Amino acid sequence: MNMKTPFLGTAYYPEDWDESQVPYDISMMKKAGITCARIGEFAWRAMEPRPGVYDFGWLHRVVDALHEAGIGVVMGTPTATPPVWFWRAHPEAAMLGANGVRNIHGGRRHFCSNNPDYVRASRVIVEKLGQEFGSDPAVIGWQIDNEIYHNGDASCVCADCVRRFHDRLRREYGSVEEVNRRWDLNLFSQAYEDIDEIPAPVNAWHNPHIQYEWQCAHEEADVEFITMQADILRKYTTAPIGTDMMPLLGLDYEAMNQKLDVVQFNHYDPEGNLDHPVFWFDMLRTVKDRPFWNTETAPQWPGSTAAAWAMPGEGFCRVNSWLPVALGGEANMYWLWRQHWAGHELLHGHVLSPEGRPAHVFGEIQQTAADFDKASRFLSGTRPQPEIAMHFTSKSWKLFQQQPVFNGHSYEGDVRHVNTVLHRLGTDPDVIGARHSLDGYKVVISPELFSLEDGGLSARIRAFVENGGTWVAGPLTDVRNGIGAHYTDRAMGMIEDMTGVRLDYSICNDNRHLKAAFADGTPAGLWTWVECYTLPEGAEALVTVTEGHSALVGKAIAARIPVGKGQVILCGMMADEPVMRKLLAPVLDAAGVRRYDTTGALTVVPRAGEAGEGLVLVEIAGKAASIGLDAPMTDILTGDVVSGRLDVEPYEVRVLKK
Amino acid sequence: MNMKTPFLGTAYYPEDWDESQVPYDISMMKKAGITCARIGEFAWRAMEPRPGVYDFGWLHRVVDALHEAGIGVVMGTPTATPPVWFWRAHPEAAMLGANGVRNIHGGRRHFCSNNPDYVRASRVIVEKLGQEFGSDPAVIGWQIDNEIYHNGDASCVCADCVRRFHDRLRREYGSVEEVNRRWDLNLFSQAYEDIDEIPAPVNAWHNPHIQYEWQCAHEEADVEFITMQADILRKYTTAPIGTDMMPLLGLDYEAMNQKLDVVQFNHYDPEGNLDHPVFWFDMLRTVKDRPFWNTETAPQWPGSTAAAWAMPGEGFCRVNSWLPVALGGEANMYWLWRQHWAGHELLHGHVLSPEGRPAHVFGEIQQTAADFDKASRFLSGTRPQPEIAMHFTSKSWKLFQQQPVFNGHSYEGDVRHVNTVLHRLGTDPDVIGARHSLDGYKVVISPELFSLEDGGLSARIRAFVENGGTWVAGPLTDVRNGIGAHYTDRAMGMIEDMTGVRLDYSICNDNRHLKAAFADGTPAGLWTWVECYTLPEGAEALVTVTEGHSALVGKAIAARIPVGKGQVILCGMMADEPVMRKLLAPVLDAAGVRRYDTTGALTVVPRAGEAGEGLVLVEIAGKAASIGLDAPMTDILTGDVVSGRLDVEPYEVRVLKK
Amino acid sequence: MNMKTPFLGTAYYPEDWDESQVPYDISMMKKAGITCARIGEFAWRAMEPRPGVYDFGWLHRVVDALHEAGIGVVMGTPTATPPVWFWRAHPEAAMLGANGVRNIHGGRRHFCSNNPDYVRASRVIVEKLGQEFGSDPAVIGWQIDNEIYHNGDASCVCADCVRRFHDRLRREYGSVEEVNRRWDLNLFSQAYEDIDEIPAPVNAWHNPHIQYEWQCAHEEADVEFITMQADILRKYTTAPIGTDMMPLLGLDYEAMNQKLDVVQFNHYDPEGNLDHPVFWFDMLRTVKDRPFWNTETAPQWPGSTAAAWAMPGEGFCRVNSWLPVALGGEANMYWLWRQHWAGHELLHGHVLSPEGRPAHVFGEIQQTAADFDKASRFLSGTRPQPEIAMHFTSKSWKLFQQQPVFNGHSYEGDVRHVNTVLHRLGTDPDVIGARHSLDGYKVVISPELFSLEDGGLSARIRAFVENGGTWVAGPLTDVRNGIGAHYTDRAMGMIEDMTGVRLDYSICNDNRHLKAAFADGTPAGLWTWVECYTLPEGAEALVTVTEGHSALVGKAIAARIPVGKGQVILCGMMADEPVMRKLLAPVLDAAGVRRYDTTGALTVVPRAGEAGEGLVLVEIAGKAASIGLDAPMTDILTGDVVSGRLDVEPYEVRVLKK
């Protein structure tokens, strides 16, 4: 099935409906402009009603009908929802809580990925599904399981999980003595005598390192569980395989997608928060070469037993649908097609109501479909053209969960804030993980990159700078080793050696006592965490403490330090947008980063490729915005030729081609 | 014992005091004007100190002394508090939590009504108590157990509860296939193969239907437990039997009281919230033909280990005491007579302090007693005369617990709001359950009547309208079936068919984007949930969307639709009092409902009967109010003749007879 | 080792560092001016790596090096942190939660002080440690365990704890009948038949008396555990022994320190809250004759995985260090010397960072050290000279936990408020426990002294008053017996009899209805709890109800009643500082209490002794303050002679000698 991209898709649960509804549903999908349907993800029992007894007839009939209608199918493996016969045979495969209480049947994702019986049963159903649909021309992609992630404090503590944890510790540390040494288990007399006696870190006051490793061990299990399924499916299919993930709790997109083909992502962000998906999409496009799929978003609002938000303004649905494809993806899919008529999530926004009536956003969806079609050639023949990379690493994200550093700190929130500042400065940065190459970027920004002991980052950043790159680092960058411990002979792992800077003081600040200013005297209001440096010769202080404790006054908070052919901008602060703009704009300009002159909350995505060159503009705040164009361009959606100062209406999308 | 009503009563715990205190307590009761005492409810151990060994001597002496003093006795069965010998023999009869932890001895209502040993022991003590006091002339009524209700998430999950749950499922659904079908258990592959393997809905993400049925099964057990006791008592007594209930968690007053004689009710509402008991009393009087008893209210404030409120204004105690008898009850009883000197609830408001001193409200209580006496003939010879009925059903209340629809939604809060609006419009509606007849009402109002599949409501409402009645319905009315599922071929179960209206969109609204107005242009500010309709020919839009998403603009939110000889006022909105008044006043007037012209927070209760005709006026906000009278009336309490515009003082009570 | 006081000390964890770091650490301690180091408290495993195998070599080397540098050692017993070999052998020695889940290895203070195996292992390590260091000249003191306290609702419920609880009940009550009687267990039919069947008060709604006794039983276990260690150590050492405590949950400082030598105290109070440590230090100095040690405070801020506060203003560290020694202690010690490099509490404020860099407050610490040295002779040769005692008893503190009386009530908060008022009135009161003598005080103040049935208080207070003393009592004073029950024949246990006052009404007040005024008409705004009295002949009303419920108007709220040669100021109210000052100032003046005329938040500590007479002044709010001096004095720190009105700068410390 050869399909135009971007896909406009939706989640479809035919197993929950009488089969007689299928023709109506498909006819309405056509009317809406839907081009692909995600199905199957929770339908294990419909596929295997009794152990070893399979029924794929119903599913073939739906898939065939969709195919006939020209709608592609993304087939989900149903491993998140084992049938009751599995639970009856293996109740101990359900997740075990720290309080000794096990999950029971009902709901989903309640079984332990480390349980051998669950893994075995999952293998079998995935193999069968692969055999049935692997070569089906309707199937344009695969989704493995659904929203798998480490559960934080609610994660399973069963014996299999603990055993896997011990396996990881043996692999990563080699011996219990090394665990004791690296975790400083002399502290509180905690040292263990055997790796096998290290417990799951619950029911006591545990240190951040054991908590970190415990989370990593769980994540490894999840990655292995998903990869196991991909390996099976690949025997039967050439369609791209992925797993739909939620950006939660430090989840490692690089590790999870390493053996997969297409990054899949679910997001539910309300009006006013569209800078969130912008950030995530800037990240998702860097994980794999292939354009990612936004597999879930709410057409109206999410809702399980209660609607989660009030109705957004008109245009929100359209803009929300456009963002993934503007920023480098090739699909936007709604959750869900038709609201469940019974069971869970009866208040969730939908395209069709249970009785089959179109939602109030139906027109926005139709327009989106039409526009995707118009822009298809341009979008599929171009890619975003970022000149800046910004780090957001799974390791730092995880380490900050164990050590938030100060109350209310959010690593993702702060990095997203910098991302938003960069967008407001008229650029579209890549957001990259630890393992991503730095080649080709003019500027690399690493806000709060807690540890550089991750994917060779330390050496690679150093090389990037010495070869002429501009690196913006800090605050809270390079101040922990790979498991979240301090260094004992230096405050920063690599930066002090590379730059000659000395980090004197790390201050938890609430602005009662501390004031700082730029070199031109402009006050620089600061957020909570402030790092004060002594600079080496040749460094230029950008922001300096002007008032506060006498030990701090005069110390640099932000500085430019030439290193090799490049430079480091050390930035021991976070701040509101105007301050961050004043700090970063000159850095970008000096590095020759192309910037567009915009007003308002305009997301500007420069794109280029064999289909030409142009810009996608998306207004994400529901307010007026504008951009200065330096050459006339043609709007692919309207045919208009525009130039000079271009006003962009609230929630407007423009696709401009040179 | 032939007693004047209304009773002014109090809870009395002689078992907690030295018997020497009884004469003093009774003398002070006389001084206060107390005419009945509730005793015995927690005194199982004093009655049966060892299994099968009984001691009722102390209780006879107290009952006799009360009788001698002319104070009636409401005798409680002590089943909420089994003695330690029962716990020792049957620790597994205590409630079992979802986390596997059982309740232990201490406190009350901690045993499971489904446990056969607990039921058996309860039978025995009730039988004995009935034998002892069934024909005692002092006993003017019986109270079974105390404040029994389903515990929501804290309800017992023991094997007996699960067995009873399965029994209910078998009875209601017939087969596991039907359970699977009606609960849509294809969703998430949840379907069961045997009713006996369906677990208590804990320790997983469960659907609203299983949660609803689980709650119903628990409620059935409670009803059966109470009814079992009533059946026993009835062998020995002709005095009215009831059980004192709290309005919590969807409790079904109709079911619980079906086999009982007198509705008993406990409430603890603070200053500023007296519209709450007004609502409940409007409801309680409709459950049985016999006037209800307000069995508990705080003379000062409630308090367990801390006082729950600050001191209300002067007159609050009196008004709070008057409300139940004004609105159709025949008793008000204080909790408690004398503050416990040790043990639980040492901060609870009281009539006497532990050292026997009168509370600061003692004078208000005395005045109330005197006034009850003066008004006794009028009150006992008249009943309220409602012309409006408003639905408040246990089923909808339960279903909204599982599906609150939007955050912060309160079914009881919203229906109470409409009740308050109706009172401010100068009427006193009946609040009725699903099974209550609609005969004789001019207007029936069903705000948020989530499901009409309850007690034949759907057909009875239809008949009511077609025979000329006015039905005000909505929002959130008729949009779920009897177990909380959507309809799949229509948005509303019966209304669309009856009226020809089509419910197009249900919108979660926060007023950022949506505006609406009456036909005369008056803006109508809306609360969270808004339903937008397409109207049939002949319908009149009352409120319409004027701004917002283009799909919604012009849609009707409230409308009048003639049906048969009557009409339906479909009202897809809730709103503040002025908007609701503007919507409802013309409806009432058109239906010929008698309204009084009042200002302030005046509760007006028209009463009539063999003792004549009149009004009881109760000012409930502690602020000035007034009423326009159309004929001179005599105040029974003061002897004054009043007419025209009558000012009512803050917290004043007037009993006006024509 | 003969050392100058006050000590400036710090917590030092050499077991967590490579031994090569010791010389650097000690050299920096010398540079900072540190004169003593707390070590060993969590190093059980380093001392006893395997059961019965000891290694004290490393510890001797550190102690010897400190000694050589002239730094005293406070040696901690490591019983809070048993090694993993103990846990492996005795997992059931870990604390058991109410939900049936046991603590596991990791963290600290996770074993049960009632477990015989844990006690036995603790005895052995303490004995060994005593043998090793008991006569070491470097060791200037001992600290037993660390921050032991009853855990409230999280306390252990193991069988040993329950057995100990039963032991206490047998001892305190004699029989189960007496338990039933005194706890009023007729209520809710709770009475037990055997003390051994009384459960830990969890998993039910328990009464305050069982909760109180349960807490006392736990505290007894803690006291016994600490005393056991002191008895062992005393065989080997003459250095003072203590245990470092936190002021939590009603902890009984008198009981815990009875067999110990030196009161040790840990506090972490942020900027703006320095009235808290002032209060605690006023209390600590009264527990034992020997000056107390402030064993822990944060040099910057506390922090486990997140910094708990933002940076305080300059001078805070110095003032915070001075407060304990100004108010009667002889040591201030920082937690911690060098921030842990891994493990727990990686964000905690420190003197040295993990990489060995001085914190920004290093200069303040150096100045404090120099000033301690200058003032050493004066401080060690004088003691505070309080003329007022204020009660703050462990029993009342515990009882209020079970019965907070009203929401948001804080016993310690309210007593601390009165303490602050007294300081603002220019005095420095002693804060005393129930067992402390009243001899020599001009005024005794007992705010919210819930029960006088404690240490013979009732009789001793009466004698104090009758012999001419002034006693300020109330509110909430003498209104509960020794286990938190009401009296049944009087509202107050002793006061009504002594004074002839009658407590008519106790009112929970929110100022909506109640108003009060002084005799001169000045309005007296009141806090939540108000007691209204009828006064006897000869009493003088000080504050009276002027508006509110008619039963209350005219009642006295505060009054002066002559008793014997003395007087009682009965005070049924708490209020803001101005009202409390207006009430208390004349009382103090009439009793001849010496007051200093101050402005601002100045802590004035009059001191006298063989080293002369003088004042220590500490400004605790970081704002300007002043004091009126009646004679010229010399500032020991600066050499300045001052007199008349003396301005004190924000966070300034002055040590003035006559």
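Please read these numbers as outputs of a predicted model, since none were measured by experiment. Chain letters run A, B, ... following the sequence lines, proteins first and then strands; every chain starts at 1.
Looking at B:Trp301, the atoms closer than 4.5 Å to chain C (heavy atoms on both sides) all sit in the side chain, from C-beta outward. Using a 4.5 Å cut-off between heavy atoms, B:Ala308 contacts chain C through its backbone alone, with no side-chain atom that close. Both the backbone and the side chain of C:His549 come within less than 4.5 Å of a heavy atom of chain B. Of the atoms belonging to B:Leu347, it is side-chain heavy atoms, and not backbone ones, that fall under 4.5 Å from chain C. For B:Trp17, the part lying under 4.5 angstrom from a heavy atom of chain C is the side chain only. Neither the backbone nor the side chain of B:Ala94 comes within less than 4.5 Å of any heavy atom in chain C. The contact between C:Leu552 and chain B is made entirely by side chain atoms (from C-beta outward), counting heavy-atom distances below 4.5 Å. Looking at C:Gln401, neither its backbone nor its side chain comes within 4.5 Å of chain B, counting heavy atoms on both sides. Using a 4.5 Å cut-off between heavy atoms, B:Gln21 does not touch chain C at all. Residue contact with chain B, scored on non-hydrogen atoms closer than 4.5 Å, involves the backbone of C:Asp489 exclusively. For a residue to count as touching a neighbouring chain, one of its non-hydrogen atoms must lie under 4.5 Å from one of that chain's; by this rule C:Arg182 touches chain B with the backbone only. Heavy atoms of C:Thr528 lying under 4.5 Å from chain B are absent altogether. Looking at B:Gln300, there are no atoms closer than 4.5 Å to chain C (heavy atoms on both sides), in backbone or side chain. Using a 4.5 Å cut-off between heavy atoms, B:Pro312 touches chain C through its backbone atoms (N, CA, C, O) alone.
Chosen from B:Pro82, B:Ser353, B:Gly313, B:Gly97, the residue pairing most often with chain C at heavy-atom distances under 4.5 Å is B:Gly313. Among C:Ser506, C:Ala98, C:Ser550, the residue making the largest number of heavy-atom pairs under 4.5 Å with chain B is C:Ser550. Between chain C and the options B:Gly106, B:Gly303, B:Pro78, B:Gly315, the largest number of non-hydrogen pairs under 4.5 Å is found for B:Gly106. The candidate with the highest count of non-hydrogen atom pairs below 4.5 Å against chain C, out of B:Val361, B:Val101, B:Ile104, is B:Ile104. Top candidate by heavy-atom pairs under 4.5 Å with chain B, chosen from C:Arg490, C:His486, C:His206, is C:His486. With respect to chain B, the highest number of heavy-atom pairs below 4.5 Å among C:Cys532, C:Ala551, C:Pro404, C:Ala200 belongs to C:Pro404. Comparing C:Val202, C:Asn186, C:Asp510, C:Val405 by heavy-atom pairs within less than 4.5 Å of chain B, the highest count is held by C:Val405. With respect to chain C, the highest number of heavy-atom pairs below 4.5 Å among B:His110, B:Arg88, B:Arg109, B:Glu345 belongs to B:Arg88.
Atom CG of B:Asn103 sits about 13.0 Å away from atom CH2 of C:Trp205, to the nearest 0.5 Å. Distance check, rounded to the nearest 0.5 Å: CG of B:Asp16 to CG of C:Leu185 gives 10.0 Å. The NE2 atom of B:His344 sits 11.0 Å away from the CH2 atom of C:Trp183 when rounded to the nearest 0.5 Å.
Judged purely by atom type and a 3.5 angstrom limit, C:Asp184 has no side-chain atom pairing as donor or acceptor with the backbone of B:Gly343. Between the B:Arg357 side chain and the C:Leu503 main chain, a donor and an acceptor come within less than 3.5 Å of each other. Side chain of C:Ser189 to backbone of B:Phe42: a donor-acceptor contact under 3.5 angstrom is found. Proximity of a side-chain donor or acceptor of B:His340 to a complementary backbone N or O of C:Leu187 within less than 3.5 Å is not detected. Checking side-chain atoms of C:Glu193 against main-chain N and O of B:Val84 turns up no donor-acceptor pair under 3.5 Å.
The two residues B:Trp309 and C:Cys508 come nearest to each other via the heavy atoms O-SG, 3.3 Å. Contact detail for B:Trp341 and C:Arg181: the closest heavy-atom pair is CH2-O, 3.2 Å.
No more than 12 heavy atoms of other residues, nucleotides or ligands shown are found within 6.0 angstrom of NZ on B:Lys623. Annotation for B:Tyr149: atom OH does not count as buried by contact number, only 12 or fewer foreign heavy atoms lying within 6.0 Å.
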Item to check | side-chain contact (heavy atoms from CB on, under 4.5 Å) evaluation trace for B:Glu355 with C:Tyr487 | outcome: CA-CA 6 Å; B:Glu355 69 272 18; C:Tyr487 296 102; 5.9 Å; no

Item to check | Verdict with supporting geometry, B:His360 and C:Lys555, side-chain contact (heavy atoms from CB on, under 4.5 Å) | outcome: CA-CA 11 Å; B:His360 77 284; C:Lys555 294 278 176 193; over 6 Å; no

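Remark: the C:Glu197 side chain and the B:His105 side chain contain no N/O donor-acceptor pair separated by less than 3.5 Å.
Side-chain contact between B:Met311 and C:Asn509: absent, with no pair of heavy atoms (C-beta onward) separated by less than 4.5 Å. No side-chain heavy atom of C:Gln402 sits less than 4.5 Å from a side-chain heavy atom of B:Leu346.
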